[in-house]
Amino acid sequence: MEPKPMRRLPQFPYTGPYRYSLTFCTERRAPLLRNPGLVDCVCAQILRAATLTGYAVVVYCAMPDHMHLLADGRNSGARLPGFVQRAKQLSGYYGQGLIGRSFWQVGYHERVLRPSEDIRESVRYIVNNPVRAGLAAAPVAYPFIGSGMYSRDELFDYIQVSDGRTRPS
């Protein structure tokens, strides 16, 4: 199965303090992300790549055959292509070392969040993926949700609070 060509927004710089909802698919959509040790390894490398490239991962959710991320550019030099390349390279290298086969499909899907969008809605959408897929009755029951910025308790508390709460920075 050939991946679809990546379509990027014309005129958008993909550099700077922007937020992105990202999806990376496993090679041939194989259900590789079911093993807790492998998921921990892959997520650690994605978080490492974020730190190295000026990004923070607000939330991630590893589904069996793909990964959802909400990534936040932390400075004017944060380049999305650089983050994605490093994240997939590091996590793919270590993931492949554990399973002995190619890990990520070529390409990725991204959605640029508008500054006016409430980040909680994007976080809710990501953490509810396992529920929509029938993998868990509630997001808190799914083990492969986390954040590079918050503990799981803080993350789940944040998306359930009233609109008066300050947004993560």
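Remember, predicted model here, so these are calculated numbers, not experimental data. What you see below is based on every heavy atom in this structure, not just the backbone, and it leaves out hydrogens, waters and symmetry mates.
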**Q** Applying the 4.5 Å side-chain criterion to the ILVMFWY set and letting contacts propagate, would Val39 and Leu135 be lumped into a single cluster?
**A**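 Yes; Leu135 is reachable from Val39 via cluster members.
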**Q** From Glu110 CD over to Thr23 OG1, what is the distance, rounded to the nearest 0.5 angstrom?
**A**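 The distance works out to 10.0 Å.
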**Q** Can you tell me how far CG of Leu22 sits from CG of Leu80, rounded to the nearest 0.5 angstrom?
**A**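 Here the interatomic distance stands at 5.5 Å.
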**Q** To check you understand the geometry: which heavy-atom pair defines the closest contact between Ser147 and Val57, and what is its length?
**A**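 For Ser147 versus Val57, the nearest heavy atoms are OG-O, 3.4 Å.
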**Q** Do side-chain atoms of Thr26 reach the backbone of Ala30 as a donor and acceptor pair under 3.5 angstrom?
**A**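 The answer is yes, because a donor-acceptor pair under 3.5 Å joins these two groups.
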**Q** When rounded to the nearest 0.5 angstrom, what distance separates CD in Glu27 from CZ in Arg101?
**A**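 Reported value, rounded in 0.5 Å steps: 7.0 Å.
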**Q** Of Leu113, Val112, Val123, which is the lone residue that meets side-chain contact (heavy atoms from CB on, under 4.5 Å) with Ser21?
**A**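 Single pass found, and it is Leu113.
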**Q** Measuring only between side-chain heavy atoms, which start at C-beta, is Asp72 closer than 4.5 Å to Arg74?
**A**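 Yes; the side chains approach each other to less than 4.5 Å.
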**Q** Taking the six-membered ring of Phe24 as reference, does the NZ or CZ atom of Lys88 fall below 6.0 Å from its centre and within a 45° cone about the axis?
**A**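 Satisfied, under 6.0 Å and within 45°.
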**Q** Looking at every heavy atom in both Met63 and Asn129, which two are closest together, and how far apart are they?
**A**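 Looking at all heavy atoms of both residues, the closest pair is CE-O, 3.6 Å.
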**Q** Rounded to the nearest 0.5 Å, how far does CZ of Phe144 lie from CG of Leu38?
**A**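 So the CG of Leu38 and the CZ of Phe144 are separated by 9.0 Å.
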**Q** If two hydrophobic side chains count as joined below 4.5 Å and joins carry through other members, does Leu90 share a cluster with Ile99?
**A**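 No, separate clusters.
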**Q** Is it true that a side-chain atom of Ser116 and a backbone atom of Arg114 form a donor plus acceptor pair closer than 3.5 Å?
**A**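 It does not hold such a pair.
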**Q** Give the minimum heavy-atom separation between Pro139 and Arg152, together with the two atoms involved.
**A**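 In this case the closest contact between Pro139 and Arg152 is O-NH2, 4.0 Å.
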**Q** Could you check, using the six-membered ring where one of them is a Trp, whether Phe83 and Tyr20 have ring centers closer than 6.0 angstrom?
**A**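 Centroid distance Phe83-Tyr20: not below 6.0 Å, so no.
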**Q** Decide whether Phe156 and Val58 are clustered together by the hydrophobic rule: side chain heavy atoms of Ile, Leu, Val, Met, Phe, Trp, Tyr closer than 4.5 Å, transitively.
**A**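 Yes, same cluster.
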**Q** Taking the side chain as everything from C-beta on, heavy atoms only, tell me whether Phe103 gets closer than 4.5 Å to Tyr94.
**A**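 No - every pair of side-chain heavy atoms lies 4.5 Å or more apart.
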**Q** Show, in sequence, the C-alpha distance, side-chain angles and deciding distance for Asp65 and Leu32, and conclude whether the side-chain contact (heavy atoms from CB on, under 4.5 Å) test is met.
**A** CA-CA 6 Å; Asp65 64 354; Leu32 305 176; over 6 Å; no
**Q** Which heavy-atom pair separates Gly82 from Thr53 by the least distance, and what is that distance?
**A**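 Minimum heavy-atom contact is O-CG2, 4.0 Å.
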**Q** Which heavy-atom pair separates Pro130 from Ile145 by the least distance, and what is that distance?
**A**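 So the two residues come closest at CG-CD1, 4.2 Å.
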**Q** Once you round to the nearest 0.5 Å, how far does CG of Leu47 lie from CG of Leu52?
**A**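 Here the rounded value is 11.0 Å.
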**Q** Are Tyr60 and Met149 linked, directly or through intermediate hydrophobic residues, by side-chain heavy-atom contacts shorter than 4.5 Å (ILVMFWY only)?
**A**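 Same hydrophobic cluster.
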**Q** Does Arg132 make a cation-pi contact with Tyr125 (under 6.0 Å, within 45 degrees of the axis)?
**A**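 Geometry flag: set, cation within 6.0 Å and 45°.
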**Q** Might you work through the side-chain hydrogen bond (donor to acceptor under 3.5 Å, both in side chains) test for Tyr93 and Gln45, ending with a clear yes or no?
**A** CA-CA 9 Å; Tyr93 175 80; Gln45 294 306 316; over 6 Å; no
**Q** Check for a donor-acceptor pair, side chain of Ser122 on one end and backbone N or O of Asp118 on the other, with a separation under 3.5 Å.
**A**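 No, because the side chain of Ser122 does not come within donor-acceptor range (under 3.5 Å) of the backbone of Asp118.
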**Q** Given the rule that I, L, V, M, F, W and Y join up when any side-chain heavy atoms are under 4.5 Å apart, are Tyr142 and Val131 in one cluster?
**A**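 In one cluster: no.
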**Q** Do you know the tightest heavy-atom contact between Pro17 and Ser76?
**A**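 Taking every non-hydrogen atom into account, CD-CA, 4.2 Å.
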**Q** Taking 4.0 angstrom as the limit, do Glu117 and Arg111 come out as a salt bridge?
**A**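 Looking at Glu117 and Arg111, the cut-off is met.
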**Q** Can a donor-acceptor pair be found, under 3.5 Å and without considering hydrogens, that links the side chain of Asn128 to the backbone of Arg124?
**A**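 Side chain of Asn128 to backbone of Arg124: a pair is present.
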**Q** Between Tyr158 and Arg120, is there a cation-pi geometry (under 6.0 Å to ring centre, at most 45° from the normal)?
**A**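 Yes, a cation-pi geometry.
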**Q** What's the verdict on side-chain hydrogen bond (donor to acceptor under 3.5 Å, both in side chains) for Trp104 and Ser91, showing C-alpha distance, side-chain angles and the deciding distance?
**A** CA-CA 9 Å; Trp104 295 118; Ser91 61; 2.8 Å; yes
**Q** Report the residue from Cys25, Cys43, Cys61 that forms a side-chain contact (heavy atoms from CB on, under 4.5 Å) with Met67.
**A**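 It is Cys43; the other options fail the test.
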**Q** Pair Arg29, His66 - check side-chain contact (heavy atoms from CB on, under 4.5 Å), show working.
**A** CA-CA 7 Å; Arg29 298 295 297 251; His66 64 282; 3.4 Å; yes
**Q** Could you please spell out the steps behind the side-chain contact (heavy atoms from CB on, under 4.5 Å) verdict for Arg19 and Ile119?
**A** CA-CA 9 Å; Arg19 286 192 175 127; Ile119 188 175; 3.5 Å; yes
